[in-house]
Structures are given as structure tokens and as C-alpha cells.
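Each remark here refers to the structure printed beneath this line.
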Number of protein chains: 2
Amino acid sequence: MPTVDDRRSEPAPPGDTDLDARKAAILTAVVTEYIGSAQPVGSQHVVEAAGVSVSSATVRSDMAALERDGYLMQPHTSAGRIPTDKGYRFFVDHLGGTGSLDPGGRQQVRQFFDHAHGEIEQMLERTSGLLADLTDCTAMVVGPSHESAAVRSVQLVGLGHRLALVVVVLADGAVRKQTVELPEDADEAVLSEAGGRLAAHALGSTLAEVGNVVTPSGHPKVDAATAAGVAALHDLVEADGGDQLFVGGSSRMAVAFDAVDTVRSVLTILEQQLVVVSLLRDILDTGLTVAIGTEHGIEPLASCAIVVMPVSVGGVEAGTIGLLGPTRMNYPLALAAARVVGDRLGEHLGEASR
Amino acid sequence: MPTVDDRRSEPAPPGDTDLDARKAAILTAVVTEYIGSAQPVGSQHVVEAAGVSVSSATVRSDMAALERDGYLMQPHTSAGRIPTDKGYRFFVDHLGGTGSLDPGGRQQVRQFFDHAHGEIEQMLERTSGLLADLTDCTAMVVGPSHESAAVRSVQLVGLGHRLALVVVVLADGAVRKQTVELPEDADEAVLSEAGGRLAAHALGSTLAEVGNVVTPSGHPKVDAATAAGVAALHDLVEADGGDQLFVGGSSRMAVAFDAVDTVRSVLTILEQQLVVVSLLRDILDTGLTVAIGTEHGIEPLASCAIVVMPVSVGGVEAGTIGLLGPTRMNYPLALAAARVVGDRLGEHLGEASR
DNA sequence: TCTGGCACTCCACTCTAGTGAGTGCTGGCC
DNA sequence: GGCCAGCACTCACTAGAGTGGAGTGCCAGA
């Protein structure tokens with residue numbers, strides 16, 4: 001291998017493997033085998049797997065080398081090898097290929113989006129179920145952020161005695177609402193007038209941009225209602241609490257792990273919307289598509305891997321898809337499913353908001 | 001005990017126990033002990049527990065009788081006793097007392113509702129978290145059913161090229177939306193006119209009552225948009241798919257059970273909104289507050305108990321609270337928490353919708 | 001450089017007591 | 001008749017010994 005020295009001198013050339021073809025094949029075999037069986041893989045199994053045509057002794061020495069280099073580990077002496085996080089990482093980066101959905105899965109995705117219609121939230125919720133079904137992972141779908149969407153309509157609807165509802169429609173079709181307690185009773189006419197002034201005030205800007213000051217109308221009741229409406233708009237910005245998260249197939253975590261406390265800690269994480277959303281964001285920000293084991297820095301998820309896929313509509317990011325599974329998850333399948341569903345979701349959202 | 005004979009002659013008088021005081025005390029001790037430790041309870045432990053001052057031999061013979069009568073069972077010979085579903089049932093009906101929240105819990109509930117405001121959905125979601133925290137059970141909160149709420153406002157908001165959003169506000173403050181594809185392009189004026197006609201058509205009736213036929217305006221574009229809006233209103237009734245469900249603290253199931261496949265099957269059930277909602281409804285319909293073990297007929301939940309509490313606003317049912325835990329859940333605590341939170345939630349919803 | 005062979009390791013499983021918590025029963029006492 | 005001390009018995013659980021087998025590392029030879 002005369003090229004090894006050349007390679008080592010280069011600073012991590014892109015696409016380079018650092019492993020000769022046979023070691024790569026062996027690593028591939030160990031990873032795929034282990035993903036399937038969850039059992040440590042011995043040299044004999046590797047030989048039986050396709051792609052390697054040397055004796056088990058040779059495989060053994062290569063596996064020893066792979067272990068020295070940190071790609072594999074042994075649970076104990078005289079057991080087979082299992083991939084380390086580094087091993088999975090190498091597999092994902094260089095060996096896994098793009099993978100593709102099986103025809104059945106493609107069909108399922110196509111049908112899903114052909115029949116998808118109606119409310120976006122419901123659709124995202126179902127998308128998470130679809131992804132979970134396709135991959136046997138827990139799926140997370142983060143809806144489009146409405147931060148930059150302009151206000152398309154504001155309405156003030158009376159609900160009875162001193163109570164009203166501010167209903168805001170954003171340009172991307174999102175609807176926000178907030179109850180307002182009015183300082184004094186107001187009739188339809190007042191509410192309608194105040195709603196109109198509110199609309200004139202907020203239309204075209206984003207929720208966060210809505211200013212505080214509204215020019216007085218001369219009518220105190222209307223002004224009071226308008227002021228209450230403006231306050232409600234500001235409440236909306238805060239209460240919104242970031243993006244919506246839809247989690248599907250959390251029961252899959254209980255299938256993937258047999259230690260019940262692993263399941264518990266993972267579920268605990270999944271219950272914290274904020275944590276999950278920022279986790280996905282962090283992973284994307286570091287430029288990753290897959291975060292394996294400790295790469296994401298959340299300790300209770302050390303035995304998990306996360307596949308992240310941005311959903312973009314016309315080049316603008318409009319959401320995120322995440323798949324959570326054990327580190328021995330089926331990466332090619334998960335990546336393929338995330339990509340396909342992400343693309344289709346993007347198209348779908350694009351159609352809906354054009 | 002001179003009264004015992006009197007009682008026995010009456011046909012199942014309400015509040016009657018069917019068990020003499022000592023057996024009841026023993027059953028109570030077994031249930032509370034088992035709830036705490038999850039270990040089969042032996043006669044010695046019962047003696048040490050308060051309320052029983054006879055020898056362990058006597059307790060043993062009583063326990064044998066309780067087992068004969070189906071209140072207790074032995075996992076195997078020479079093990080202690082654990083309560084059967086019937087034992088739990090008797091405990092809940094006659095022995096558990098009403099129970100009450102500890103001061104810390106009361107405080108937590110008070111604070112929660114003092115600070116609760118804003119969107120109702122978000123509030124219900126958080127309520128499920130509160131209940132899970134209080135009881136260490138998985139909490140389910142079903143939102144108010146909007147079926148009987150009259151339409152308070154209808155609006156047609158254009159989202160661009162042939163797309164519009166029908167936004168419906170119901171009298172109870174719920175907001176529904178549905179995207180509509182218009183048969184042809186429509187400008188603001190047309191949408192506004194169509195929205196007005198839609199509103200006049202639907203205002204005051206419930207969504208389900210909205211009729212099909214709208215009197216023509218003479219303007220084909222307006223009529224087309226109006227028709228599309230009416231269709232969207234009908235879609236809403238179907239797509240709504242019943243009530244909203246909020247599940248909190250599903251990780252608690254992984255704490256309660258040590259068999260990972262029990263956890264999995266319970267989580268699988270919890271993912272099916274429809275199943276959960278109708279489950280709670282069924283239990284309420286049979287007049288129960290607690291469904292223990294197989295009483296609810298859902299096989300995978302045979303080792304679970306469910307506490308249900310209707311939430312009523314001014315006497316009208318406006319939602320449901322459910323607590324899901326193992327059959328050895330802390331019934332007094334769960335019942336107390338469900339009652340307190342249910343009441344406060346009802347008051348809160350009442351204030352908001354008055 | 002690869003391979004067959006060999007000695008070695010150590011988990012997983014089975015089998016065998018031994019232990020202890022718990023029971024049912026019985027005969028005597030109040 | 002109800003209660004209780006004592007006793008024999010049951011059976012899950014644990015620890016320890018033995019065994020089989022999957023797997024390893026190393027080495028000598030092609």
C-alpha cells in the first residue's frame with residue numbers, strides 16, 4: 001500500500017477512507033451484521049458475509065487492527081466485535097452508500113402525500129407516524145418556523161362578557177390565537193373597529209415586528225380594545241415558545257432497547273420539546289446529518305443515534321425531520337427515508353403556501 | 001359486631017363492605033404495602049403494618065380466606081399475597097378513602113392555575129404534565145368537545161394564488177382552519193364578500209349543522225369561493241376526528257413496569273389518540289371512575305389501571321382527565337389529584353369561556 | 001501476505017445445593 | 001368458637017461448579 005503514506009500527509013482529504021478495501025469491507029460486514037442481529041460479530045460471520053473472501057484468521061488480524069484504530073470493540077475477550085461510535089461514523093460517511101427505500105416504502109410515501117390535505121399541523125403529526133413506520137425509529141418533525149411570516153389577517157372576535165379572541169393568520173397559513181381580557185365591555189361594533197385598527201397596524205409585518213404604539217382613534221373603548229389586542233400580539237410572540245414538535249412512534253424506543261431505564265431516560269428527553277428542538281438544531285448547525293452516540297452531547301442519549309434532515313421550501317428552511325434510534329439503527333434506511341420524506345414534505349409545503 | 005348480621009340481611013346496602021373489619025384492615029395493609037414495594041406481602045408485614053393487632057397466624061388464615069374470596073392471590077406457593085383486580089376494586093370502593101393531595105401538591109396546583117393563561121391547547125398540554133408530576137402516572141387530558149359550540153365567526157383569508165384559508169372561531173374560543181383551493185383566482189374583494197356570505201350562512205349554528213346550499217349572489221366568482229368555503233367547513237367536521245388528546249409523562253410507564261414489552265404495548269396504545277379517547281369515554285359511560293386491570297377490556301392494558309375524571313364547566317361536560325398507571329398505582333393520590341385538577345380546570349375553563 | 005492449526009479465554013447455560021421468606025395445619029389455650 | 005405458638009413444608013432466589021461453544025491471538029509454513 002504505497003499510497004498510505006501519501007494519504008497520511010494530506011490533511012484528511014474529502015472522501016478518503018483511511019482504510020484499505022478489505023478492512024472497509026470487514027467493517028461494513030460487522031456494522032450491517034450487528035445492526036441486524038444486535039449480537040457481537042465474530043470473524044467467521046464476517047467471512048460468511050458477502051464481500052470478503054479471505055480466511056477467518058486474516059479477518060481476525062484485520063479486526064484486531066480495526067479495534068486498535070478504534071473502529072470496533074469487544075464487549076469482553078473471546079467475544080465478537082461490535083462497532084464503536086467511530087465505526088458507525090466511518091460507515092455512515094464512507095461505506096453506507098446512499099441507500100434507498102424499498103418499493104413498498106416508496107409506495108407508502110407516495111400514497112401518503114397524495115392523500116395529504118387539510119390542516120398542516122395534522123399533516124406533520126401524521127408525517128411523524130409515517131416516518132416511524134418506515135424506519136422503525138422514533139420520528140420527530142419540527143414544523144416550519146413562523147417567525148419570519150408576515151401577518152396576513154388579524155381579527156378580534158368577541159366571546160362574551162369582556163372576553164375576546166385575537167385570531168392572527170400568517171402568510172404561510174399558520175393561525176395563532178390568544179384570549180384577551182378587555183378592560184371594559186365592548187360590543188360588536190367596537191370589536192370590529194378595534195380589529196380593523198389592529199389589522200391595519202400589524203398587517204404585512206411579522207409578529208415580532210409589531211410595534212407598541214397605535215394611533216388613537218378618539219374613541220376610548222376602541223382604543224382600549226386595540227391596546228389589549230396589541231398586548232395579546234406581543235404575548236403571542238413569547239408564548240409561542242418556538243417551533244412545534246411532533247413526535248411519532250415513541251414506542252419504537254421500547255423495541256430497540258431491552259434495558260428499561262434506557263427507555264425511560266430517552267422518553268424523558270422526548271417529553272421536553274425545547275430540548276429536542278434545540279438538539280436537532282444543534283446537530284444541523286454543526287453541519288451533521290447524523291449524530292452518533294455522544295456526538296450530540298446529551299448524555300442520556302449516548303446509546304442513540306439521530307438522523308436529521310432539513311426540510312426546505314424553495315431553498316428556505318421550513319422545518320426539520322429527525323429520526324431517533326439506537327446507535328445500531330439502520331442508517332442507510334433511515335437516511336433514505338428521511339431524505340425522501342423530507343423532500344416530499346418540502347414540495348408539499350411549497351404547494352400549499354405558494 | 002352486632003351490626004354485621006343486620007347488614008347481611010339487607011341486599012347489598014350502599015357502602016357495605018362484605019368483609020369484617022379485620023379482613024378489611026388486612027386487605028388495606030396488603031394493598032398499600034404492595035403499592036409501595038411492588039413485592040408480595042407476607043403475613044408478618046401485615047402484622048407490622050398499622051391497624052392489625054393479631055398474630056401472624058391469624059392474619060394468615062384471614063389472608064387464605066381473602067384469597068378464597070378472590071381478593072388476593074399468590075404468585076406461587078410460599079410467596080406473600082398480592083391484590084387481585086377485585087382486591088384493588090374493593091380497596092378503591094370501600095377502603096381507600098377519598099385521599100387528599102399533600103400540601104406541596106396543592107400548592108403546585110394552585111400556582112399552576114394562577115399562572116395559567118393564553119391558549120387553551122397549550123394549557124391543557126401543560127395540565128397533563130402537571131398531573132403526571134403530581135401522581136407519577138401517565139396523564140391524559142381530553143379537551144372540550146367543540147361539537148356543540150356555535151360558530152362565532154368565519155373568515156376567508158387569501159394565501160396567494162388560488163389558495164385561501166377558512167378560519168372559524170367557535171363560541172367556546174376554539175379556532176379551526178382549513179385550506180381551500182379555489183376554482184379560480186380571487187382577489188381580496190371577492191374573498192371578503194364570499195367570507196361574509198359564509199359567515200352569514202354559518203353563524204350561530206354548529207359546524208355539523210351548517211347546510212349545503214347558499215343562496216347565489218349573482219356573482220359567479222363569489223359563489224364559487226363561497227361554495228369552496230362551505231365544502232371546507234364540511235371537511236372540518238370530518239377531519240376534526242373527535243377531540244384533542246394531550247398525553248403527559250409517558251416516560252412514567254417505563255418507571256412503573258420492568259418488563260420492557262409491557263412498556264412497549266402501553267406506549268403503542270397511547271400513540272393511538274382515537275383508542276385512548278374512546279377508552280376514557282367508555283369508562284365514563286359505564287359509570288366508573290377507576291377501571292382496574294381487565295375492566296376496560298383492552299387486553300394490552302391488563303396490568304394497568306385508569307382513573308378517569310370528567311371536567312365540567314357549569315354542569316356541562318367539557319373534557320376528561322385520565323391517569324394511567326400500573327394496577328398497583330397509588331389510587332388515593334391519583335383520585336385526589338384527578339379530582340382537584342379536574343375541578344380547578346373546570347373553573348378555569350369556565351372563567352375563560354363565560 | 002495469507003492461512004490452517006492450536007491453545008486459550010470467557011460468556012452462557014445447566015445443575016446442584018443452600019437459604020429464607022412465606023405458607024398451611026394442628027393442637028392447646030382463653 | 002376464636003386465637004395463637006409451633007412445626008413441617010414449599011419454592012423462588014442465589015451462589016458455586018462444571019461444561020460447551022464461540023471467539024480470539026499467535027505462530028509456523030506455503
Side-chain angles (χ1 to χ4, degrees), chain A residues 1-5 19-27 29-31 33-34 36-49 51-84 87 258-259, chain B residues 1-2 4-5 8 19-27 29-31 33-34 36-49 51-84 87 258-259:
Chain A
M1 281 283 154
T3 55
V4 167
D5 288 328
L19 293 178
D20 63 55
R22 197 177 61 204
K23 286 213 184 69
I26 290 173
L27 180 55
V30 172
V31 171
E33 197 84 352
Y34 185 67
S37 70
Q39 296 295 325
V41 182
S43 51
Q44 194 56 45
H45 280 117
V46 173
V47 172
E48 282 158 16
V52 184
S53 56
V54 289
S55 79
S56 68
T58 311
V59 170
R60 275 204 291 282
S61 85
D62 275 4
M63 283 167 87
L66 283 169
E67 181 167 8
R68 258 194 308 281
D69 293 345
Y71 295 102
L72 296 178
M73 62 166 290
Q74 277 181 299
H76 54 83
T77 350
S78 88
R81 284 353 196 264
I82 63 179
T84 60
D258 42 3
Chain B
M1 285 275 158
V4 167
D5 289 330
R8 190 150 297 168
L19 294 178
D20 64 54
R22 196 177 60 203
K23 286 213 183 71
I26 290 173
L27 181 54
V30 172
V31 171
E33 195 84 354
Y34 185 67
S37 70
Q39 296 296 324
V41 183
S43 53
Q44 194 57 43
H45 279 117
V46 173
V47 172
E48 282 157 17
V52 184
S53 56
V54 289
S55 78
S56 67
T58 310
V59 171
R60 275 204 292 283
S61 86
D62 275 5
M63 283 168 85
L66 283 169
E67 180 167 8
R68 258 194 308 281
D69 293 345
Y71 295 101
L72 297 178
M73 62 165 291
Q74 277 181 299
H76 55 84
T77 348
S78 89
R81 292 333 201 276
I82 62 178
T84 60
D258 43 1

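Within every chain, numbering begins at 1; the chains are lettered A, B, ... in the order of the sequence lines, protein sequences first and strands thereafter.
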Atom CD of B:Glu33 to atom P of C:dG22: distance rounded to whole Å? 10 Å
Taking C:dC11, D:dT24, C:dG24 as options, the one with an atom nearest any side-chain atom of A:His76 is C:dC11
When the distance from CG of B:Asp62 to P of C:dG22 is rounded to whole Å, what number comes out? 18 Å
Distance in angstrom units between B:Met73 CE and C:dT23 C1', rounded: 15 Å
Using atom CG of B:Leu72 as one end and atom C1' of C:dT23 as the other, report the distance to the nearest whole Å. 14 Å
For B:Pro83 and B:Leu72, the nearest pair of non-hydrogen atoms, with its separation, is CA-CD2, 3.8 Å
Interface polar pairs with nucleotides 4-7 of chain C, N/O, under 3.5 angstrom:
| residue | atom | partner | partner atom | Å |
| --- | --- | --- | --- | --- |
| C:dG5 | O6 | A:Arg60 | NH2 | 3.2 |

Using only modelled atom types and a 3.5 angstrom limit, is any donor from either the side chain of B:Ser78 or the base of C:dT23 paired with an acceptor on the other? no
Locate the shortest heavy-atom distance separating B:Val41 from B:Val30; write the atom from each residue and the value. CG2-O, 3.8 Å
Going by side chain to side chain contact (heavy atoms under 4.5 Å, CB included), name the residues that satisfy it together with A:Ala79, two or more places apart in sequence or in a different chain. A:Pro75, A:His76
I need the CD-P distance between A:Gln39 and C:dC11, as an integer number of Å. 15 Å
Using the test side chain to side chain contact (heavy atoms under 4.5 Å, CB included), find all partners of B:Ala25 that sit at least two apart in sequence or belong to another chain. B:Val52
Between the two ends of the helix from C:dT1-D:dA30 to C:dC30-D:dG1, what is the bend in degrees, rounded to 10 degrees, where each end axis spans five pairs? 30°
Can you give me the closest heavy-atom contact between A:Leu27 and A:Gly87, atom names plus distance? CD2-O, 4.1 Å
Once you apply a heavy-atom cut-off of 4.0 Å, does A:Thr77 come out as touching a base, just sugar-phosphate, or nothing? sugar-phosphate
For A:Glu48, enumerate each residue passing the side chain to side chain contact (heavy atoms under 4.5 Å, CB included) test, keeping only those at least two apart in sequence or located in another chain. A:Gln44, A:His45
Whole Å only: how far is the CE atom of B:Met63 from the P atom of D:dC4? 15 Å
What is the distance, rounded to the nearest whole Å, between atom CZ of B:Arg81 and atom P of D:dT10? 16 Å
Among the nucleotides D:dT24, C:dC2, C:dT23, whichever has the atom closest to the side chain of B:Gln74 is C:dT23
Side chain B:Thr84, main chain B:Gly70, donor-acceptor under 3.5 Å: yes
Strand-adjacent residues in residues 40-48 of chain B, judged by heavy atoms under 4.0 Å from DNA chain D: none
Donor-acceptor pairs under 3.5 Å, side chain of residues 60-68 of chain A to any protein atom, not counting sequence neighbours: which ones?
| residue | atom | partner | partner atom | Å |
| --- | --- | --- | --- | --- |
| A:Arg60 | NH1 | A:Ser43 | OG | 3.4 |
| A:Arg60 | NH1 | A:Ser56 | OG | 3.4 |
| A:Ser61 | OG | A:Thr58 | O | 3.1 |
| A:Asp62 | OD1 | A:Arg22 | NH2 | 3.3 |
| A:Asp62 | OD2 | A:Arg22 | NE | 2.7 |
| A:Asp62 | OD2 | A:Arg22 | NH2 | 3.0 |
| A:Glu67 | OE1 | A:Arg81 | NE | 2.8 |
| A:Glu67 | OE1 | A:Arg81 | NH2 | 2.8 |

When every non-hydrogen atom of A:Ser55 is compared with those of A:Val47, the smallest separation belongs to C-CG2, 4.0 Å
Anything under 3.5 Å between a protein N or O and an N or O of nucleotides 27-30 of chain C, put it in a table, one pair a line.
none

